[in-house]
> 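Just passing along the structure, written as structure tokens.
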Amino acid sequence: MSSPEPQTETANVPRHVAIIMDGNGRWAAARGLPRVAGHRKGADAVRATVRAARELGIPYLTLFAFSSENWRRPKDEVMDLMELLKLYLRREIADLHRNGVRVRFIGDRHGLSDDICALMDRAAETTIGDTDLTLIIALNYGGQGEIVRAARQIAEDAAAGKLDPSTIDEACFAQRLDNPDVPAPDLLIRTSGEQRLSNFLLWQCAYSELVFDDTLWPDFGHAELQRAIDLFGERERRFGGRSG
Ligand code: FPP
């Protein structure tokens, strides 16, 4: 009998982890605090989780920061979230760059303010050469919207005679998604005990392993990410095939 493969620290570490950060409001309510206090603490959890992802050797981390449906929240809360995102992009970029973190974005820029778009461009440009971890921030993002944008591009190319409709396949479609060069998430985590996708990465999560964690997002960090990765390591991924 051959001896088992030596276990390395990165054995079974997913290449791409995507997180639906949920529970900021409940974290604040449990303490009698305004919702914005939960979002602020949520931004601290973002810092801790990015650090943990680097330490654990995860190459891609996508965080759902603001959905295309979050505009339905009260104006004040939307403003608080946008201010927090701006603060994060202003304050953290130098640090992320120093730590080898490349920052990218997915979502519909249409509808985002000019100042936030400028900060997004600066973050992406400053960190373009960083290779330790790619942090993808989903901003004004919805999976259905992303699929519709891709379909529109394909229709435009076909109408212009640049694309033969009979050649459209999954690979051709995926090329029109927001970040075509990023591998699909191996592991999707949602915090706070809710068990929904909420329009997140609908195309890309076709074969992702799902982990629902009861932790409220502001309490999420290294230990919780490690726990999700341990669960991921126990899963058998078959991608529609069979194991034996
Ligand atoms: C869900 O909690 C969380 C959000 C809608 C926003 C996530 C934003 C952050 C973590 C802060 C800033 C982000 C970055 C990248 C710096 P909820 O308000 O729906 O919580 P609830 O379900 O308990 O009400």
Side-chain angles (χ1 to χ4, degrees), residues 17-54 58 60-97 99 101-109 111-113 115-117 119-124 126-127 133-143 178-179 188-201 212-221 224-225:
V17 175
I19 310 185
I20 302 177
M21 310 182 285
D22 198 5
N24 295 351
R26 276 163 284 166
W27 184 94
R31 288 159 182 78
L33 297 169
R35 291 180 65 83
V36 65
H39 294 317
R40 272 190 211 121
K41 198 79 171 74
D44 292 343
V46 167
R47 284 178 202 103
T49 302
V50 171
R51 196 179 322 122
R54 277 186 58 241
I58 296 166
Y60 295 93
L61 174 70
T62 298
L63 300 177
F64 204 1
F66 193 87
S67 81
S68 43
E69 289 74 37
N70 283 153
W71 299 107
R72 296 178 192 150
R73 294 189 176 209
K75 238 185 177 155
D76 282 359
E77 186 174 352
V78 170
M79 252 171 60
D80 288 339
L81 279 167
M82 289 298 157
E83 286 307 314
L84 259 177
L85 282 161
K86 283 194 258 178
L87 201 65
Y88 181 82
L89 293 177
R90 256 190 226 116
R91 283 203 184 151
E92 305 289 322
I93 289 314
D95 211 40
L96 291 166
H97 182 40
N99 288 306
V101 180
R102 178 173 180 187
V103 183
R104 299 175 68 168
F105 298 90
I106 51 173
D108 192 353
R109 289 172 72 108
L112 291 171
S113 65
D115 54 353
I116 207 158
C117 288
L119 285 165
M120 288 160 69
D121 287 341
R122 200 167 77 197
T126 308
T127 62
L133 166 70
T134 298
L135 168 66
I136 299 149
I137 302 178
L139 244 181
N140 194 23
Y141 175 84
D178 286 356
N179 266 340
L188 173 89
I189 303 169
R190 183 173 188 143
T191 60
S192 88
E194 304 288 347
Q195 303 194 0
R196 285 188 294 279
L197 284 182
S198 297
N199 202 13
F200 192 40
L201 300 175
F212 299 104
D213 189 302
D214 285 339
T215 308
L216 299 176
W217 175 252
D219 294 324
F220 197 90
E224 292 70 24
L225 185 58

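Ligands are counted one by one from 1 in listed order, and the atoms in each one are counted from 1 as well.
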> For atom 1 (C) of ligand 1, grab the closest protein heavy atom and report residue, atom and distance to one decimal in Å.
Met21 O, 3.1 Å
> Picking from Leu63, Thr49, Thr62, what satisfies side-chain contact (heavy atoms from CB on, under 4.5 Å) with Leu135?
Leu63
> With a cut-off of 6.0 Å (strictly less than), are more than 12 heavy atoms of other residues, nucleotides or ligands near CZ of Arg91?
no
> Starting from atom 18 (O) of ligand 1, what is the nearest protein heavy atom, named by residue and atom, and what distance separates them?
Arg35 NH2, 2.7 Å
> Under 4.0 Å from any heavy atom of Leu85, which atoms of ligand 1 are there?
13 (C), 14 (C), 15 (C)
> Would you say CZ of Arg72 has more than 12 non-hydrogen atoms from neighbouring residues, nucleotides or ligands within 6.0 angstrom?
no
> Where is the tightest heavy-atom contact between Asn199 and Phe64, given as atom of each residue plus distance?
O-CZ, 4.4 Å
> What atoms in ligand 1 come closer than 4.0 Å to a heavy atom of Gly25?
17 (P), 18 (O), 20 (O), 21 (P), 23 (O), 24 (O)
> Using 4.0 Å as the upper bound for N to carboxylate O, is an ion pair formed by Arg109 and Asp121?
yes
> Identify the closest protein heavy atom to atom 16 (C) of ligand 1: which residue and atom is it, and at what distance?
Tyr88 CG, 3.5 Å
> Where do Phe220 and Leu225 come nearest, in terms of heavy atoms and distance?
CZ-N, 3.7 Å
> Would Glu194 count as a contact of ligand 1 if the rule is a heavy atom under 4.0 Å away?
no
> Which residue and atom name correspond to the protein heavy atom nearest atom 9 (C) of ligand 1, and how close is it?
Asn24 ND2, 3.7 Å
> Write out the residue and atom name of the closest protein heavy atom to atom 7 (C) of ligand 1, then the distance separating them to 0.1 Å.
Ala65 O, 3.6 Å
> Relative to the heavy atoms of His39, which atoms of ligand 1 are at a distance of less than 4.0 Å?
11 (C), 18 (O)
> Which atoms of ligand 1 sit under 4.0 Å from any heavy atom of Arg26?
21 (P), 22 (O), 23 (O)
> Applying the side-chain hydrogen bond (donor to acceptor under 3.5 Å, both in side chains) criterion to Asp44, which one of Arg40, Lys41, Arg47 satisfies it?
Arg47
> Does CZ belonging to Arg122 count more than 12 external heavy atoms closer than 6.0 Å?
no
> Return yes when Gly23 approaches ligand 1 closer than 4.0 angstrom through a heavy atom, no otherwise.
yes
> Counting heavy atoms only, which part of Phe66 comes closer than 4.0 Å to ligand 1: side chain, backbone, both or neither?
neither
> Which atoms of ligand 1 have any heavy atom of Arg73 under 4.0 Å away?
5 (C), 17 (P), 18 (O), 19 (O)
> On a heavy-atom basis, which atom in Val103 and which in Thr127 lie closest, and how many Å separate them?
N-OG1, 2.8 Å
> Pull out every atom of ligand 1 sitting under 4.0 Å from any heavy atom of Trp217, numbered as shown with elements.
10 (C)
